[in-house]
Trainee: 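Handing you a structure now.
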Amino acid sequence: MSIDQRIIEIRRESSTDEPGDPERFRRVALTEKEMMSQGTAIRSTLESNVEPLAKIGADLAGRTVRRVVMVGCGDSWIAGFGVRRAMERVLGAVCEPYEAFDFANYGLDVIDEETVVIGLSSSGKTEPVIDGLKDAAERGAYTVGLSNTLGSPLMVTFPGALHIQATRGGWPTQSSTAAMALLLAFAEAVAKAKGRDVSSLTAALAAIPDQVDAVANAYYEPAKELAKRLARAELVMLAGAGAFFAPAAFGSAKLKELAPIHSYAFPLEEYHHYRTQKAGDPIFLVAGDSESHHRALETAIMSQACEGLCVALVPEGETEITEVADVTWHLPEVAAETAPMLYSVPIHLFGYHAAVERDALGLGAPRLGG
Ligand SMILES: N[C@@H]1[C@@H](O)[C@H](O)[C@@H](COP(=O)(O)O)O[C@@H]1O
């Protein structure tokens, strides 16, 4: 097979990085619709899965669950980072995201009947997810598929798979936040069946659809304004600690796919272990909790010292980071369990607007030498 044929076979994307590529902008427009209706997607996902989740709860009620592994690629991998702690707290078991190729090739050695493996794929056709889930089932693990595509290989191969009521015509936004909600609802159902207290998680899930929509509406214009300001940026970094790594990583994925510029995300602390930021580099700090506040403040200070540009996402009422950062977005009070979902929304919006604003300047992907 020629290299040209192999490129066609390997490439997953139908769009290109060329300025104004119509296929990319068709999907950018769909992304806007999907990111602005995330509350509806989350609400219907939760409502429609009550029964299948109760069945899973009944299956697992008497079974020891030592470990829950969440397997996926891209956003479907990142989603696990945003919910692992909330799931661990309610289940009392280790919960970990695992990149699907790595899981299928290196992660099966200690999978057993006391492990639950959840395979996430929005399209339902990402092969490493299906391969890993099949092999885990053979080793005795309890397996669950999650997808928003009915009739997809994942949902057909695993008949008990849960359906995420979201679309992904653009790049993932609502398919990821609804997947996170469903992962939390899975933990809620299993913990409840095991007689554990789930009241805090139940309240958090009930509130999140409206909270997400309110933030999307409130941040549409601020995200556009910031994207105008940063339209010529060729690299954007994003950092968050713990579960806030997820919004950072989702944001980086949007910038790489929609804008399309260079971007990378890392756990907050890692900023301080290299000379990470250079003069002029923008960095988003996702600092929605007290655990990360102090280190995020130090990061904002360092950003100022190296003449970077710091955009901070912090809770309403925060003043210290606000004083140091170049731009601060204050997010309304939200439960710890669902905060990573809420903090993802303004960053989705920034990714969308960055694509539009870059296009208005006739810019596609950055290219060495201009
Ligand atoms: N470019 C897309 C990503 O946006 C997506 O997050 C990932 C996982 O997709 P899925 O969730 O369908 O398995 O793969 C694709 O290549």
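No hydrogens, no waters, no symmetry mates; every other heavy atom, side chains included, goes into these values. Atoms within each ligand, like the ligands themselves, are counted from 1 in listed order.
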Trainee: Give the residue, atom name and distance (to 0.1 Å) of the protein heavy atom nearest atom 7 (C) of ligand 1.
Mentor: C73 O, 3.9 Å

Trainee: Linking directly or through intermediates, with side-chain heavy atoms under 4.5 Å: list the remaining ILVMFWY members grouped with I301, chain and number order.
Mentor: L297, V314, I321, V324

Trainee: Would you mind listing which atoms of ligand 1 come within a distance below 4.0 Å of any non-hydrogen atom of D75?
Mentor: 6 (O)

Trainee: Taking NZ, NE, NH1 and NH2 as the nitrogens, is one of them in R168 or E34 under 4.0 Å from a carboxylate oxygen of the other?
Mentor: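 No.
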
Trainee: Among residues at least two apart in sequence or on other chains, which ones pass salt bridge (charged side-chain N to carboxylate O under 4.0 Å, His left out) with E99?
Mentor: none

Trainee: Using 4.0 Å as the upper bound for N to carboxylate O, is an ion pair formed by R66 and D112?
Mentor: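 Salt bridge present between D112 and R66.
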
Trainee: Quick test of your reading of the model: are E298 and R295 salt-bridged, counting only N-O distances below 4.0 Å?
Mentor: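 Yes, this pair counts.
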
Trainee: Which of the numbered atoms in ligand 1 are under 4.0 angstrom from any heavy atom belonging to T126?
Mentor: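 Close to T126: 9 (O), 10 (P), 12 (O), 13 (O).
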
Trainee: Considering non-hydrogen atoms of the protein only, which is the closest contact for atom 15 (C) of ligand 1, and what is the distance?
Mentor: R12 NE, 3.5 Å

Trainee: Once you restrict to heavy atoms under 4.0 Å, what part of E257 touches ligand 1? Side chain, backbone, both or neither.
Mentor: side chain

Trainee: Would you call D135 and R139 a salt bridge, taking side-chain N to carboxylate O under 4.0 Å as the test?
Mentor: no

Trainee: Under 3.5 Å between some N or O of ligand 1 and some N or O of R168?
Mentor: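 So ligand 1 has an N or O lying under 3.5 Å from an N or O of R168.
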
Trainee: Between S123 and ligand 1, find which residue part has any heavy-atom pair under 4.0 Å and reply side chain, backbone, both or neither.
Mentor: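 It is both parts that get close, each with some atom under 4.0 Å.
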
Trainee: Which atoms of ligand 1 are found less than 4.0 Å from any heavy atom of P172?
Mentor: 4 (O), 6 (O)

